[in-house]
Amino acid sequence: MFIRELNDCEEFIAGDNCILRELLHPDKADLALRYSLAHAVVKPGDTTWEHRLRTSEVYYVLEGEGVMHVNGESSPVRSGSTVYIPPLARQCITNSGTTGLKFICIVDPAWHKEDEEVL
């Protein structure tokens, strides 16, 4: 059994300028996974930098509210929203609320720096 606590994961600023903690990544633990799983936070009023990944990505919003921008389309998101982001899609997310916008990011196949381009 493998259990990882959020607070045990190192916090860092991701390439898109959000606050990130990697929970699961096949390169960082002996796990039979294709995907990576991370916890992200965007501060009130902030927007992540527009970027794209070579891989698909899913956001699941845990807390807060915001606006998701994918390939020129924008839509409100809130706690309970799930967003599928196809490979190579231009994307960013804005926190339109008054508290941290917290969400889970699933990248499949697992995220690697060379697969991300900040635009």
Side-chain angles (χ1 to χ4, degrees):
M1 180 181 304
F2 182 87
I3 298 174
R4 188 129 197 222
E5 300 294 331
L6 177 64
N7 289 334
D8 292 338
C9 301
E10 181 181 350
E11 184 177 280
F12 63 95
I13 302 299
D16 66 355
N17 205 38
C18 72
I19 301 165
L20 201 71
R21 293 177 190 243
E22 283 190 317
L23 298 166
L24 298 174
H25 196 292
D27 294 348
K28 297 180 181 177
D30 187 18
L31 303 169
L33 297 175
R34 271 182 42 100
Y35 63 88
S36 58
L37 177 70
H39 180 274
V41 179
V42 178
K43 294 178 182 177
D46 284 358
T47 298
T48 60
W49 294 340
E50 189 175 45
H51 63 288
R52 63 180 165 205
L53 301 177
R54 290 184 192 157
T55 57
S56 65
E57 186 169 23
V58 172
Y59 286 0
Y60 178 75
V61 180
L62 300 168
E63 295 178 28
E65 57 188 74
V67 179
M68 186 74 211
H69 311 276
V70 178
N71 283 336
E73 292 183 57
S74 299
S75 183
V77 294
R78 64 185 183 287
S79 178
S81 296
T82 303
V83 180
Y84 169 73
I85 305 159
L88 299 175
R90 297 173 76 96
Q91 61 166 298
C92 62
I93 191 167
T94 300
N95 182 341
S96 59
T98 58
T99 62
L101 176 60
K102 298 178 182 179
F103 53 99
I104 295 292
C105 310
I106 302 169
V107 178
D108 185 32
W111 180 88
H112 289 97
K113 184 176 182 150
E114 60 271 13
D115 292 336
E116 182 174 24
E117 177 186 10
V118 175
L119 302 169

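- Hydrophobic cluster membership is shared by I106 and Y84, with clusters built from Ile, Leu, Val, Met, Phe, Trp and Tyr side chains linked at under 4.5 angstrom.
- With a 4.5 Å cut-off on side-chain heavy atoms, P44 and T98 do not count as touching.
- Qualifying side chain to side chain donor-acceptor pair (under 3.5 Å) partners for R90, counting only residues two or more places apart in sequence or in other chains: E50.
- Between P86 and S56, every side-chain heavy-atom pair lies at or beyond the 4.5 Å cut-off.
- Under the ring pair (Phe, Tyr, Trp, His ring centres under 6.0 Å) criterion, Y35 pairs with no residue at all, not counting sequence neighbours.
- Residues passing the side chain to side chain contact (heavy atoms under 4.5 Å, CB included) test with I13, sequence neighbours excluded: N17, I19.
- Rounding to the nearest 0.5 Å gives a distance of 9.5 Å between SG of C105 and CG of L53.
- Legend: residues meeting side chain to side chain contact (heavy atoms under 4.5 Å, CB included) with P109, ordered by chain and number and at least two apart, are R34, T55.
- Distance CZ/R4 to NE2/H39: 13.5 Å, rounded to 0.5 Å.
- Every residue meeting the side chain to side chain contact (heavy atoms under 4.5 Å, CB included) condition with T82, not counting sequence neighbours, appears here in chain and number order: V58, Y60.
- Distance check: I104 CD1 to L62 CG gives 5.0 Å after rounding to the nearest 0.5 Å.
- Going from atom CG of D16 over to atom CZ of R52 covers 14.5 Å, rounded to the nearest 0.5 Å.
- Taking a 4.5 Å side-chain heavy-atom cut-off between Ile, Leu, Val, Met, Phe, Trp and Tyr, the cluster of W49 extends to V118.
- The side chain to side chain contact (heavy atoms under 4.5 Å, CB included) search around E5 returns I3, D8, not counting sequence neighbours.
- The other residues sharing a hydrophobic cluster with I85 are V42, Y59, V61, M68, V70, V77, V83, I93, L101, F103, where clustering joins ILVMFWY side chains under 4.5 Å apart.
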Let me check something: any side-chain donor-acceptor pairs from residues 23-32 under 3.5 Å, sequence neighbours excluded? List them with distances.
{"unit_1": "H25", "atom_1": "ND1", "unit_2": "D27", "atom_2": "N", "d": "3.1"}
{"unit_1": "H25", "atom_1": "NE2", "unit_2": "W111", "atom_2": "O", "d": "2.7"}
{"unit_1": "D27", "atom_1": "OD2", "unit_2": "H112", "atom_2": "NE2", "d": "2.6"}
{"unit_1": "K28", "atom_1": "NZ", "unit_2": "E22", "atom_2": "OE1", "d": "2.2"}

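- Between the CG atom in L88 and the CD atom in E117 there is a gap of 9.0 Å [rounded to 0.5 Å].
- When the salt bridge (charged side-chain N to carboxylate O under 4.0 Å, His left out) test is applied to R78, no partner is found at least two apart in sequence or on another chain.
- Other members of the hydrophobic cluster containing F12, listed by chain and number, are L20; membership follows side-chain contacts under 4.5 Å among ILVMFWY residues, whether direct or relayed.
- The heavy-atom pair separating A40 from C18 by the smallest distance is CB-SG, 4.0 Å.
- The stretch residues 61-71 participates, sequence neighbours left out, in these side-chain hydrogen bond (donor to acceptor under 3.5 Å, both in side chains) pairs: H69-S74, H69-T94.
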